[in-house]
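Notes follow the structure.
All residue numbers in this chain count up from 1 along the given sequence.
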Amino acid sequence: MLTDEVREQSTVTSRGFARLLEWLDDGVESKGEQYLEMRRRLVGYFDRRDRTSAEELADETLTRIARTLEHEEIATRPPARYCHVVARFVLLEDIRRGRRTVALDEPRLASVSRARLVPDSDRESERLHERRLDCLDRCLQQLKPAKRDLIVEYYREARRQGIDRRHGLATRLGITMNALSIRACRIRDALMGCVEGCRQGPRRI
């Protein structure tokens with residue numbers, strides 16, 4: 001389960017939620033269907049990694065993105081690519097909090113039962129989604145430590161604490177917030193390029 005502190009901060013304004021829905025639709029109104037689909041994928045991502053709070057972590061991922069959209073545009077397309085990055089960071093934080101949750105028989109049987117009920121087309125979509133996330137893991141490891149630390153720290157949180165942390169990060173690096181944003185965007189773009197090229201083999205970034 002998420003800590004009380006995290007849960008209390010994991011709120012989003014109506015404006016932020018509206019911008020999240022619009023961003024996920026990516027120009028084609030879906031009346032919330034894209035949101036539900038992305039949330040389902042995120043829950044599956046965390047569930048496959050034995051996180052007992054998979055639904056809460058999925059909501060936390062979307063909340064962080066909504067909070068970012070309250071303050072700035074997210075140019076990354078398609079939206080799923082950005083969601084994958086944020087989900088990875090949320091997972092890393094969850095693991096760091098020491099809540100490793102090795103599922104016992106009941107949860108695992110439940111997962112098997114759900115898998116049997118999922119249509120082949122959805123399973124194929126999940127396999128592709130999983131492969132992209134695996135590529136993200138691989139590409140993060142290819143980053144130089146300084147770049148990896150910067151991008152993880154920059155996207156660690158999108159709420160007030162995250163903004164304060166970015167200020168602190170810029171101060172430590174001796175650069176302005178604008179320069180930090182540009183640097184983070186360049187690393188993110190290189191990371192996403194690596195993910196896209198993952199199927200063609202390893203790529204240096």
Who passes side chain to side chain contact (heavy atoms under 4.5 Å, CB included) against [X], sequence neighbours left out?
{"X": "R183", "value": "L150, L173, I175, I187"}
{"X": "E72", "value": "T68, R166"}
{"X": "T171", "value": "none"}

What are the two closest non-hydrogen atoms of [X] and [Y], and how far apart are they?
{"X": "W23", "Y": "I74", "result": "NE1-O, 3.3 Å"}
{"X": "A66", "Y": "G16", "result": "CB-O, 3.7 Å"}
{"X": "M177", "Y": "A170", "result": "SD-CB, 4.1 Å"}

_The criterion is salt bridge (charged side-chain N to carboxylate O under 4.0 Å, His left out); which residues satisfy it with E55, sequence neighbours excluded?_
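If we apply the salt bridge (charged side-chain N to carboxylate O under 4.0 Å, His left out) test to E55, skipping adjacent residues, the hits are R39.
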*salt bridge (charged side-chain N to carboxylate O under 4.0 Å, His left out) involving R19 - partner list, sequence neighbours excluded*: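 Applying salt bridge (charged side-chain N to carboxylate O under 4.0 Å, His left out) to R19 gives E73.
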*Using the side chain to side chain contact (heavy atoms under 4.5 Å, CB included) rule, take L140 and C194 through it: C-alpha gap first, then chi angles, then the decisive distance, then the call.*
CA-CA 9 Å; L140 277 169; C194 174; over 6 Å; no
Straight-line distance of [X] [atom1] to [Y] [atom2], nearest 0.5 Å:
{"X": "M192", "Y": "Y82", "atom1": "CE", "atom2": "OH", "answer": "10.5 Å"}
{"X": "E60", "Y": "S53", "atom1": "CD", "atom2": "OG", "answer": "10.0 Å"}
{"X": "L57", "Y": "Y45", "atom1": "CG", "atom2": "OH", "answer": "10.0 Å"}
{"X": "L42", "Y": "R40", "atom1": "CG", "atom2": "CZ", "answer": "10.0 Å"}

*Is S181 close to T176 at the side-chain level, that is, under 4.5 Å between some pair of heavy atoms?*
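No - every pair of side-chain heavy atoms lies 4.5 Å or more apart.
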*Evaluate the side-chain proximity of R67 to T63: yes if any heavy-atom separation is below 4.5 Å, no if none is.*
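Heavy-atom side-chain distance check passes, below 4.5 Å.
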*Knowing that exactly one of T61, L20, L62 qualifies, which makes a side-chain contact (heavy atoms from CB on, under 4.5 Å) with M38?*
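So, applying the side-chain contact (heavy atoms from CB on, under 4.5 Å) to M38 and each of T61, L20, L62, only L62 qualifies.
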*Could you walk me through whether V195 and R81 pass the side chain to side chain contact (heavy atoms under 4.5 Å, CB included) check?*
CA-CA 9 Å; V195 171; R81 293 171 62 189; over 6 Å; no
*Should the SG of C135 and the SG of C198 be checked, would they turn out to be under 2.5 Å apart?*
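Judged by the SG atoms alone, which are under 2.5 Å apart, C198 and C135 are bridged.
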_Between L143 and I182, is there shared hydrophobic-cluster membership here, with clusters defined by ILVMFWY side-chain heavy atoms closer than 4.5 Å?_
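No; tracing contacts between hydrophobic side chains, which count when under 4.5 Å, never links both residues.
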_Between V43 and F89, is there shared hydrophobic-cluster membership here, with clusters defined by ILVMFWY side-chain heavy atoms closer than 4.5 Å?_
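In one cluster with V43: F89, no.
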*Mind running side chain to side chain contact (heavy atoms under 4.5 Å, CB included) on R172 and L169 for me, showing each step along the way?*
CA-CA 5 Å; R172 290 199 303 274; L169 180 59; 3.3 Å; yes
Extract all donor-acceptor atom pairs below 3.5 Å that involve side chains of residues 28-35 and protein atoms in other chains or at least two apart in sequence.
from : atom 1 : to  : atom 2 : distance (Å)
S30  : OG     : D25 : OD1    : 2.5
S30  : OG     : E33 : N      : 3.3
S30  : OG     : Q34 : N      : 3.1

_Run E93 and R64 through salt bridge (Lys or Arg N to Asp or Glu O under 4.0 Å) and show every step you take._
CA-CA 13 Å; E93 289 178 32; R64 292 188 185 188; 2.8 Å; yes
